[in-house]
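Some notes on the structure that comes next.
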Amino acid sequence: MQPLLPLLARGAVLSPFKRPRPDAAFPPHRLVLPGVRIDLARLAAYERACGFPTGGDALPLTYPHVLGFPLAMRIMASRAFPLPLLGLVHTSIEVTRLREAAATGEYELAVHVEGLAPHRRGTEATVVTGARVDGSLVWESRSTYLARHRTAADTRTAADTRTAAGSLTAADARTAADASTAAGARTAAHVSSAEPKPLPVVAEWRLAGDVGRRYAAVSGDRNPIHLHPLTARLFGFPRAIAHGMWTVARCLAEQPADASVHLRAEFRSPVLLPGTVTYAADGGRFELRSGERVHLTGELREHRANSA
């Protein structure tokens with residue numbers, strides 16, 4: 001497994017010089033790594049860290065992401081990638097497994113940037129990872145990564161607010177405030193009625209403070225926000241946070257999965273370590289919560305051709 005620390009360091013050095021925007025150029029090439037074989041001891045350590053049974057014939061659904069992540073990091077830490085690596089947030093992942101990937105198989109991994117898109121909080125990049133056996137695709141993921149920055153909408157809103165504020169009389173301001181309060185109440189009521197009910201609780205997990213370090217050891221992802229409270233504080237977190245991909249894998253370890261399956265998961269908020277979280281599930285849907293705070297939502301369903 002390629003060490004990620006040098007890539008993290010390079011990405012950190014280049015980050016202050018990046019100017020993210022949705023129409024920026026991005027690396028057009030695809031990185032390919034042929035002849036990849038699984039280190040069975042490392043796989044077993046990953047399975048134990050995430051709660052999967054060990055010694056199975058097939059790879060866990062999330063493991064090809066671990067295999068391809070060094071290639072993704074090479075792209076995202078490069079000069080040609082327009083988003084700063086520091087502060088980049090993994091917001092979602094979709095995985096399609098066309099058939100089970102054997103633990104003893106040989107794979108060709110490929111990673112590329114599919115594109116950039118505007119997001120209400122900045123710019124989002126989609127990174128695609130694929131695994132092939134004898135030229136046939138067996139597994140593919142699409143991860144979105146968000147770089148937060150001021151957007152054109154932010155600028156327009158601020159300008160409109162200043163202009164409107166300058167032309168309002170005191171009476172106008174009171175009327176506008178009353179209308180805004182009423183509209184906000186109506187919107188809140190609508191959102192409340194539209195939100196799905198929480199899924200039924202299945203288990204409560206107490207997470208140790210070293211979860212991030214243990215997952216880093218088996219995945220190679222040694223981002224300092226996951227390793228120790230001191231390094232996490234440098235990036236604005238009060239404590240170390242769990243890897244998003246660990247939270248997904250830990251939930252999937254509790255979910256039965258078909259050989260051909262599609263996963264969609266969204267990372268909603270960080271999981272602080274140590275901490276206690278609630279795992280909830282119903283059918284193929286699952287989520288991770290702390291009280292009312294939702295950390296992760298996901299859905300696992302059978303994959304049918306052209307359905308993903």
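The residues of the chain are indexed from 1 along the displayed sequence.
- Between the Thr62 side chain and the Ala249 main chain, no donor and acceptor come within less than 3.5 Å of each other.
- Side-chain atoms of Arg264 and Ser92, non-hydrogen and from C-beta on, do get closer than 4.5 Å to each other.
- Taken together through direct or relayed side-chain contacts under 4.5 Å among Ile, Leu, Val, Met, Phe, Trp and Tyr, Val271 and Leu146 form parts of separate hydrophobic clusters.
- Shortest non-hydrogen contact noted between Leu300 and Gln255 is CD2-CB, 4.0 Å.
- The backbone N or O of Phe81 lies less than 3.5 Å from a partner atom in the side chain of Lys18, making a donor-acceptor pair.
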Practice item. Dump the intermediate steps for side-chain contact (heavy atoms from CB on, under 4.5 Å) on Glu94 and His262, then the final yes or no. Key: CA-CA 7 Å; Glu94 288 191 49; His262 180 78; 3.2 Å; yes
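- A donor-acceptor pair is defined here as one N or O able to donate and one able to accept, closer than 3.5 Å; no such pair exists between the side chain of Asp258 and the backbone of Ser260.
- Nearest approach of Ala24 to Pro82, heavy atoms of both residues: CB-CB, 3.7 Å.
- Between Leu83 and Met76, every side-chain heavy-atom pair lies at or beyond the 4.5 Å cut-off.
- Atoms CD1 and OH, on Ile38 and Tyr63 in that order, are 6.0 Å from each other to the nearest 0.5 Å.
- Hydrophobic clustering places Val202 together with Leu252 (ILVMFWY residues linked when any side-chain heavy atoms are closer than 4.5 Å, directly or through intermediates).
- Under the 4.5 Å side-chain heavy-atom criterion for Ile, Leu, Val, Met, Phe, Trp and Tyr, Val36 and Val133 are members of the same hydrophobic cluster.
- Under the 4.0 Å criterion applied to side-chain N and carboxylate O atoms, Arg285 and Glu299 are not assigned as salt-bridge partners.
- Cluster membership check: Phe26 shares its hydrophobic cluster with Leu7, using side-chain heavy-atom separations under 4.5 Å among Ile, Leu, Val, Met, Phe, Trp and Tyr.
- Pairing each heavy atom of Leu227 with each of Arg213, the nearest pair is O-NH1, 2.6 Å.
- Not a single donor-acceptor pair under 3.5 Å links the side chain of Thr129 to the backbone N or O of Ser141.
- Using a distance-only test at 3.5 Å, with no hydrogens or angles considered, a donor-acceptor pair links the side chain of Glu287 to the main chain of Leu199.
- Atom NE2 of residue His228 and atom CG of residue Leu234 lie 11.0 Å apart, to the nearest 0.5 angstrom.
- A distance-only check finds a donor-acceptor pair linking the side chain of Arg132 to the backbone of Gly135 [under 3.5 Å].
- Minimum interatomic distance between Asp221 and Ala216 (heavy atoms only, all atoms of both residues): O-CB, 3.3 Å.
- Here the side chains of Tyr215 and Val66 are in contact, with some heavy-atom distance below 4.5 Å.
- The distance from atom CG of Leu109 to atom CG of Leu33, rounded to the nearest 0.5 Å, is 5.5 Å.
- Taking both residues in full, the closest heavy atoms of Asp282 and Pro200 are given as CB-CD, 3.9 Å, listed atom of the first, atom of the second, then distance.
- With hydrogens and angles ignored, the 3.5 Å screen pairs a side-chain donor or acceptor of Arg239 with a backbone N or O of Pro274.
- Of all heavy-atom pairs between Glu47 and Gly55, the closest is OE1-N, 3.5 Å.
- Contact annotation: the side chain of Phe235 never approaches that of Ile241 to less than 4.5 Å [non-hydrogen atoms, C-beta and beyond].
- Taking CZ from Arg48 and OG1 from Thr54, the interatomic distance works out to 6.5 Å, rounded to the nearest 0.5 Å.
- Shown here is Asp23, whose CG atom has more than 12 heavy atoms of other residues, nucleotides or ligands within 6.0 Å.
- Under a 4.0 Å N-O distance rule, the pair Arg142/Glu140 qualifies as a salt bridge.
- Atom CZ of Arg304 and atom CD of Glu302 lie 4.5 Å apart (nearest 0.5 Å).
- The OG1 atom of Thr104 lies 7.5 Å from the CG atom of Asp57; values are rounded to the nearest 0.5 Å.
- The closest side-chain heavy-atom distance from Trp205 to Glu254 is below 4.5 Å.
- No side-chain heavy atom of His295 sits less than 4.5 Å from a side-chain heavy atom of Thr247.
- Without hydrogens or angle criteria, Thr91 side chain to Thr144 main chain gives a donor-acceptor distance under 3.5 Å.
- Within the 4.5 Å cutoff, no side-chain heavy atoms of Leu85 are placed close to those of Arg10.
- In this structure the side chain of Ser219 never reaches within 4.5 angstrom of the side chain of Met245, judged on heavy atoms.
- Trp139 contributes a side-chain N or O that, together with a main-chain N or O of Leu61, makes up a donor-acceptor pair within less than 3.5 Å.
- Within the 3.5 Å criterion, the main-chain N or O of His226 finds no donor-acceptor partner in the side chain of Thr231.
- Of the residues Phe69, Trp246, Phe267, the one that meets the ring pair (Phe, Tyr, Trp, His ring centres under 6.0 Å) test with His90 is Phe267.
- Linking Ile, Leu, Val, Met, Phe, Trp and Tyr whenever their side-chain heavy atoms come within less than 4.5 Å puts Val248 and Val218 in one cluster.
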